[in-house]
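Let me begin by presenting the structure, written as structure tokens, before commenting on it.
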Amino acid sequence: MSRIGRLPVIIPESVKVDINGSEVRVKGPKGELVRTFLPEMGIKLEDNQVLVTRSSDAPAQRALHGTTRALLSKHGDWCFHRFHH
């Protein structure tokens with residue numbers, strides 16, 4: 001399992017996450033983001049944490065596992081802090 005992908009994404013209390021199939025909507029005090037991920041990645045919300053799973057150990061699935069988790073983490077950060085460069 002991906003070392004990054006297996007880590008849960010902790011969701012701050014002021015951020016709301018809605019998961020509808022492979023579409024994830026993240027809404028916080030600083031904005032809202034919606035993204036559709038590949039259906040091969042399982043995304044679920046449990047105890048204020050988002051968990052990402054993959055359906056196989058194929059190389060492409062393994063690569064997407066960590067990437068999907070990292071993108072979800074950045075979505076939550078953006079909606080909570082709204083980073084400016």
Side-chain angles (χ1 to χ4, degrees):
M1 184 176 277
S2 166
R3 287 181 282 175
I4 298 297
R6 69 179 175 190
L7 299 173
V9 178
I10 309 299
I11 305 298
E13 287 187 25
S14 60
V15 175
K16 183 177 182 216
V17 176
D18 291 318
I19 301 170
N20 185 14
S22 57
E23 181 184 273
V24 179
R25 181 177 303 269
V26 181
K27 186 173 185 176
K30 303 290 183 174
E32 179 177 0
L33 290 172
V34 179
R35 183 176 181 116
T36 302
F37 292 92
L38 291 175
E40 292 87 359
M41 294 295 114
I43 303 170
K44 64 181 179 178
L45 184 62
E46 261 184 27
D47 300 325
N48 234 24
Q49 298 179 353
V50 175
L51 304 172
V52 180
T53 58
R54 62 178 185 243
S55 58
S56 78
D57 280 336
Q61 297 268 331
R62 291 191 337 236
L64 285 171
H65 190 202
T67 301
T68 301
R69 188 259 176 214
L71 288 169
L72 284 167
S73 178
K74 292 300 175 191
H75 276 49
D77 287 346
W78 186 87
C79 289
F80 185 67
H81 299 290
R82 197 157 198 181
F83 295 115
H84 293 286
H85 296 281

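Residues His65 and Arg6 approach most closely at CE1-N, 4.0 Å, considering heavy atoms. In this structure, Pro29 and Ser14 approach most closely via the heavy-atom pair CD-O, 3.5 Å.
When the salt bridge (Lys or Arg N to Asp or Glu O under 4.0 Å) test is applied to Arg25, the partners found at least two apart in sequence or on another chain are Glu23, Glu32. In this structure, Ser22 has no side-chain hydrogen bond (donor to acceptor under 3.5 Å, both in side chains) partners at least two apart in sequence or on a different chain. With sequence neighbours excluded, the residues forming a side-chain contact (heavy atoms from CB on, under 4.5 Å) with Ala58 are Ser56, Gln61, listed by chain and number.
Cluster membership check: Ile10 does not share its hydrophobic cluster with Leu72, using side-chain heavy-atom separations under 4.5 Å among Ile, Leu, Val, Met, Phe, Trp and Tyr.
A 4.5 Å side-chain heavy-atom check between Glu40 and Leu64 finds every atom pair outside the cut-off. Residues Phe37 and Leu71 meet the side-chain proximity criterion, which asks for heavy atoms closer than 4.5 Å. Leu7 places a side-chain heavy atom less than 4.5 Å from the side chain of Arg69.
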Compile the donor-acceptor pairs under 3.5 Å between side chains in residues 41-51 and protein atoms, sequence neighbours left out, one pair per line.
residue, atom, partner, partner atom, Å
Lys44, NZ, Glu46, OE2, 3.2
Asn48, ND2, Ile11, O, 3.0

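A distance of 9.5 Å separates CG in Asn20 from OG1 in Thr36, rounded to the nearest 0.5 Å.
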